Amino acid sequence: QVQLVESGGGLVQSGGSLRLSCAASGFTLDWHAIGWFRQAPGKEREGISCISSSDGTPYYHDSIKGRFTISRDNAKNTVYLQMNSLKPDDTAVYYCATRPVRFCDIRYYDTDRYNFWGQGTQVTVSS
C-alpha cells in the first residue's frame with residue numbers, strides 16, 4: 001500500500017520543540033522532493049518547507065526560518081521537520097507531500113506542484 005504517514009505532532013508549550021516525521025511506504029522517497037505544509041483552522045493550507053532529493057537543498061517560509069529545520073534520511077525513507085521555539089501561531093495540522101520531481105524550486109509552497117499527501121498530524125502550541 002502506497003502511503004505517507006506523518007507523526008510526531010502533539011501539544012507543546014510556547015517555546016517548546018517537536019520533531020515531525022513523514023514516513024513513506026510502498027514507494028521510495030529517493031526520487032521525490034518533499035514538502036511540508038500546514039493548515040490552521042479557517043485558513044488555507046500553506047507551504048512552509050521543501051527539501052530536494054537531488055542535493056538536499058532546503059526551502060523555508062519566512063515565518064519559520066531559523067526555527068524549523070527540514071531533513072531527510074533516504075535509508076529510512078523518512079523526512080523530518082524539527083520545530084524549535086514554537087509559537088501559538090504555529091498551531092495547525094501539518095502535512096507532508098511528494099513532488100513528482102527530485103528538486104524543489106522557488107514555488108515550493110504551491111500545493112498544485114505536489115501529487116501525493118499524507119493524512120496530517122496535529123500540532124498545538126499553548127501560550
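Not measured: the values here are computed from a predicted model.
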Could you check whether any side-chain N or O of [X] sits under 3.5 Å from a backbone N or O of [Y], counting only pairs where one atom can act as donor and the other as acceptor?
X: E6; Y: C96; answer: yes
X: S52; Y: A33; answer: no
X: Y59; Y: R107; answer: no
X: D73; Y: K76; answer: yes

### Query
Should the pair R45 and Y95 be classed as cation-pi, given the thresholds of under 6.0 Å to the six-membered ring centre and 45° from the axis?
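The answer is yes; both the distance and angle limits are met.
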### Query
With K65, which residues qualify under salt bridge (charged side-chain N to carboxylate O under 4.0 Å, His left out), at least two apart?
D62
Do the non-hydrogen side-chain atoms of [X] and [Y] ever get within less than 4.5 Å of each other?
X: I64; Y: S49; result: yes
X: M83; Y: I48; result: no
X: T98; Y: N115; result: yes
X: L86; Y: L18; result: yes
X: T124; Y: V12; result: no

Ignoring hydrogens, what is the shortest heavy-atom contact between [X] and [Y]? Give both atom names and the distance.
X: P58; Y: I70; result: CB-CG2, 3.6 Å
X: N84; Y: S17; result: OD1-OG, 2.9 Å
X: L20; Y: W36; result: CB-CH2, 3.6 Å
X: S14; Y: K87; result: OG-CA, 4.3 Å
X: T121; Y: G8; result: OG1-N, 4.3 Å
X: K43; Y: Q39; result: O-NE2, 3.1 Å

### Query
Does a salt bridge link D30 with R72, judged by any charged N lying under 4.0 Å from a carboxylate O?
no
### Task
Taking only Lys NZ, Arg NE, NH1 and NH2, and the carboxylate oxygens of Asp or Glu, determine whether D90 and R38 approach each other closer than 4.0 Å.
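Salt bridge present between D90 and R38.
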### Task
Please report the C-alpha distance between Q119 and V5 in whole Å, then the side-chain angles of each, then the deciding distance to 0.1 Å, and finally whether the side chain to side chain contact (heavy atoms under 4.5 Å, CB included) criterion is met.
CA-CA 7 Å; Q119 83 293 344; V5 179; 4.2 Å; yes
### Query
Is the distance between the ring centroids of F37 and Y109 under 6.0 Å?
no
### Query
Where do Y108 and Y114 land on the side chain to side chain contact (heavy atoms under 4.5 Å, CB included) test, with the steps shown first?
CA-CA 9 Å; Y108 67 91; Y114 296 80; 3.9 Å; yes
Measure the spacing between [atom1] of [X] and [atom2] of [Y] and express it to the nearest 0.5 Å.
X: N74; Y: S53; atom1: CG; atom2: OG; result: 5.5 Å
X: S71; Y: L81; atom1: OG; atom2: CG; result: 8.5 Å
X: C22; Y: N77; atom1: SG; atom2: CG; result: 9.0 Å

#### Entry: Worked check of side chain to side chain contact (heavy atoms under 4.5 Å, CB included) between I34 and L29
CA-CA 8 Å; I34 306 298; L29 291 179; 3.6 Å; yes
### Query
Do the rings of Y94 and F68 sit parallel, tilted or perpendicular, given the 30° and 60° boundaries?
tilted
### Message
According to side-chain hydrogen bond (donor to acceptor under 3.5 Å, both in side chains), who are the partners of D55, at least two apart in sequence or on a separate chain?
### Response
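For D55, the residues satisfying side-chain hydrogen bond (donor to acceptor under 3.5 Å, both in side chains) (neighbours in sequence not counted) are T57.
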### ring pair (Phe, Tyr, Trp, His ring centres under 6.0 Å) assessment of H32 paired with F27
CA-CA 10 Å; H32 300 275; F27 69 104; 5.6 Å; yes
